[in-house]
J.: 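Attaching a single structure in structure tokens format; questions to follow.
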Amino acid sequence: MRIAFVTNEFVTEKHFYGGLANYLYRVAKALAEEGHEVHVVTGSETDKKDFQFNGIFIHRITLWSIPPCLKPRDMQGPTAERLLFNIKVWRKLRAINKKTKIDIIQYTNVYACGLIPGLLLRIPYVVRVSSYRPLWDNLNKKKWAVEYKMHAWIERLQLKLSRHTYVPSKTMKKILEETGLKNIKIIRSPAYIETGAWDFSYCDEMLKDKEYVLFFGRFQKRKGFHVVAQAAPSFLRQHPGAYMVCIGLNEDYKTTLMKENAVSLCGDNAARMIFMHQLQHAQLYPIIQRAKLVVLPSLIENLSNACL
């Protein structure tokens with residue numbers, strides 16, 4: 001089969017959040033290894049020429065940005081940009097389909113990136129739900145202004161128009177059904193180690209002979225990093241030989257960066273808080289393997305790739 005995946009992020013790009021990109025890479029790679037022709041259309045910072053990555057055909061499209069001066073006062077968010085992204089997705093899929101007929105497309109619900117192409121292209125498609133926008137915005141303390149209502153509305157509209165929608169967990173299925181959506185199927189995410197070529201050099205350099213508890217993920221409230229920050233001072237006091245290792249991207253928390261907030265809470269034991277930036281799996285897996293304990297106190301997950 002010729003299968004296309006459409007996403008706002010993928011592992012080939014310089015910046016990606018993690019869960020969705022990693023899930024899509026696992027599925028796309030597995031399908032390519034089974035002999036299917038797999039195309040991934042992904043948002044990117046560049047519109048460079050198409051290329052192949054581990055047997056997957058990658059098609060980049062830039063995430064268009066609306067200048068703030070052209071946005072209405074209460075619409076500083078990305079809804080208009082999402083719709084412009086939809087148009088570029090439609091054009092790219094149409095071009096791919098002219099060269100090689102696509103049998104089926106999978107859109108992510110994020111960005112509602114299948115809203116316009118799903119209506120205009122006569123190609124069978126499914127939508128995979130990675131998250132539920134109102135829950136994310138509430139946990140992020142977003143003001144429920146016009147912009148966030150519009151963003152949630154276009155994602156919901158895509159789900160209402162889709163004849164085939166699936167989720168990876170019973171909880172997400174229940175949430176969507178409680179909002180009136182029907183015919184939601186469950187297909188669980190695959191779990192396997194993407195690479196057997198582990199790189200122990202960084203782990204040896206940073207953590208040799210250290211006993212540590214590990215958190216990895218984005219330093220943000222919905223991932224529960226504030227819980228880690230609040231627990232770390234007591235943990236470090238009670239275990240003077242232990243370290244707290246945190247790997248991920250730093251984000252704001254009540255105007256103070258999460259990392260800085262955690263360090264300030266630990267006082268004299270702050271030196272035993274070790275922070276690392278987002279790592280490739282080859283470097284991350286050895287650090288997970290050697291940890292005494294992994295702490296993932298997320299407040300919202302569908303089916304966590306980190307846990308898998």
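Below, each value reflects all heavy atoms present in this structure, side chains not excepted, and no hydrogens, waters or symmetry copies. Note that the structure is predicted; figures quoted are calculated from it, not measured.
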J.: Within a strict 4.5 Å, meaning less than it, do heavy atoms of the Val40 and Phe53 side chains meet?
T.: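 No. Closest side-chain heavy atoms not under 4.5 Å.
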J.: Work out which heavy atom in Leu93 is nearest to a heavy atom in Ile102; give both atom names and the distance.
T.: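 Where Leu93 meets Ile102 most closely, the heavy atoms are O-CD1, 4.1 Å.
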J.: For the residue pair Pro117 and Tyr107, what are the closest heavy atoms and their distance?
T.: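 That would be CB-OH, 3.5 Å.
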J.: Go through His59 and Ile96 one step at a time and tell me if the side chain to side chain contact (heavy atoms under 4.5 Å, CB included) criterion holds.
T.: CA-CA 9 Å; His59 309 267; Ile96 296 170; 3.6 Å; yes
J.: For Ala231, is there any backbone N or O sitting under 3.5 Å from a side-chain donor or acceptor partner on Ser234?
T.: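 Pair absent, no side-chain N/O of Ser234 close to backbone of Ala231.
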J.: Under a 3.5 Å cutoff, is there a donor and acceptor pairing between the side chains of Glu9 and Tyr111?
T.: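 No.
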J.: Roughly how far, to the nearest 0.5 Å, is OG1 of Thr42 from CG of Asn8?
T.: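 Asn8 CG to Thr42 OG1: 7.0 Å, rounded to 0.5 Å.
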J.: Quick one: pull up OH in Tyr243 and CG in Leu207 and give me the separation to the nearest 0.5 Å.
T.: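 Tyr243 OH to Leu207 CG: 9.5 Å, rounded to 0.5 Å.
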J.: Going by heavy atoms in the side chains, are Lys185 and Thr165 under 4.5 Å from each other?
T.: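 Answer no - side chains too far apart.
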J.: Ignoring hydrogens and angles, tell me if any N or O in the side chain of Ser304 forms a donor-acceptor pair with the backbone of Cys307 under 3.5 Å.
T.: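 Yes.
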J.: Is it true that the side chains of Arg128 and Ser189 contain a donor and an acceptor less than 3.5 Å apart?
T.: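 Yes, side-chain donor-acceptor contact under 3.5 Å.
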J.: Side chains of Cys113 and Thr108: does their closest heavy-atom pair fall under 4.5 Å?
T.: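 Cys113 vs Thr108: side chains touch.
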J.: Quick check for you: to the nearest 0.5 Å, what is the distance between Asp209 atom CG and Arg290 atom CZ?
T.: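 That separation rounds to 9.5 Å.
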J.: May I have the step-by-step check of side chain to side chain contact (heavy atoms under 4.5 Å, CB included) for Val228 and Met244, ending in yes or no?
T.: CA-CA 9 Å; Val228 173; Met244 181 74 221; 3.7 Å; yes
J.: Does Lys223 use its side chain to pair, donor to acceptor, with the backbone of Arg218 at less than 3.5 Å?
T.: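 Side chain of Lys223 to backbone of Arg218, a donor-acceptor pair under 3.5 Å: no, none is there.
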J.: Any heavy-atom pair between the side chains of Val89 and Ile116 that's under 4.5 Å?
T.: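 A side-chain contact is absent here, since even the closest heavy-atom pair is not under 4.5 Å.
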J.: Does Asn109 use its side chain to pair, donor to acceptor, with the backbone of Ser131 at less than 3.5 Å?
T.: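 Looks like yes, one N/O pair under 3.5 Å.
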J.: Step by step, would you call Ile287 with Met276 a side chain to side chain contact (heavy atoms under 4.5 Å, CB included)?
T.: CA-CA 11 Å; Ile287 296 175; Met276 303 177 190; 3.8 Å; yes
J.: Between Pro297 and Phe215, is there a side-chain heavy-atom distance shorter than 4.5 Å?
T.: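 Side-chain contact under 4.5 Å: yes.
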J.: Would you name the heavy atoms of Ala112 and Ile154 that are closest together and state the gap between them?
T.: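 Here Ala112 and Ile154 meet closest at CB-O, 3.6 Å.
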J.: With rounding to the nearest 0.5 Å, note down the distance linking CD1 in Ile61 to CG in Asp50.
T.: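 Between atom CD1 of Ile61 and atom CG of Asp50 there are 10.5 Å.
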J.: Using side-chain heavy atoms (C-beta onward) and a distance below 4.5 Å, is Asp199 in contact with Pro286?
T.: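 The answer is no; the side chains never approach within 4.5 Å.
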J.: Looking at Glu34, I want to see if its CD is surrounded by more than 12 non-hydrogen atoms of other residues, nucleotides or ligands under 6.0 Å.
T.: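 No, because the 6.0 Å sphere around CD of Glu34 holds 12 heavy atoms or fewer from other groups.
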J.: So how far is it from His239 NE2 to Lys292 NZ, rounded to the nearest 0.5 Å?
T.: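 His239 atom NE2 to Lys292 atom NZ measures 12.5 Å (nearest 0.5 Å).
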J.: Return yes when atom CD of Glu211 has more than 12 non-hydrogen atoms of other residues, nucleotides or ligands closer than 6.0 Å, and no otherwise.
T.: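 Not more than 12 within 6.0 Å, no.
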J.: First locate atom OG of Ser169, then atom CD1 of Ile175, and finally report the distance between them rounded to the nearest 0.5 Å.
T.: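 That separation rounds to 7.5 Å.
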J.: For the pair Glu13 and Arg60, evaluate salt bridge (Lys or Arg N to Asp or Glu O under 4.0 Å) and give the outcome as yes or no after the intermediate values.
T.: CA-CA 9 Å; Glu13 304 313 299; Arg60 287 168 162 164; 2.9 Å; yes
J.: Testing the basics here: between Gly55 and Ala32, what is the closest heavy-atom pair and its distance to 0.1 Å?
T.: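 Here Gly55 and Ala32 meet closest at O-CB, 3.7 Å.
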J.: Testing the basics here: between Ile247 and Gln278, what is the closest heavy-atom pair and its distance to 0.1 Å?
T.: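 The answer is CG2-CA, 4.5 Å.
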J.: Do His226 and Leu299 have side chains that get closer than 4.5 Å, going by heavy atoms?
T.: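 Yes, close enough: below the 4.5 Å cut-off.
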J.: Between Phe219 and Phe225, how do the two ring planes meet: parallel, tilted or perpendicular, split at 30° and 60°?
T.: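 Ring orientation of Phe219 relative to Phe225: parallel.
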J.: Between Arg156 and Thr179, is there a donor-acceptor pair closer than 3.5 Å when you use the side chain of the first and the backbone of the second?
T.: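 Yes, because the side chain of Arg156 sits within donor-acceptor range (under 3.5 Å) of the backbone of Thr179.
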J.: Which pairs pass side chain to side chain donor-acceptor pair (under 3.5 Å) with one or both residues in residues 92-102, sequence neighbours excluded?
T.: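 Matches after skipping sequence neighbours: Arg2-Thr100, Glu37-Thr100.
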J.: Run the side chain to side chain contact (heavy atoms under 4.5 Å, CB included) check on Tyr25 and Asn54 step by step: do they pass?
T.: CA-CA 10 Å; Tyr25 173 55; Asn54 290 343; 2.6 Å; yes
J.: Less than 4.5 Å apart, any side-chain heavy atom of Cys246 and any of Met273?
T.: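 Counting from C-beta outward, Cys246 and Met273 do come under 4.5 Å.
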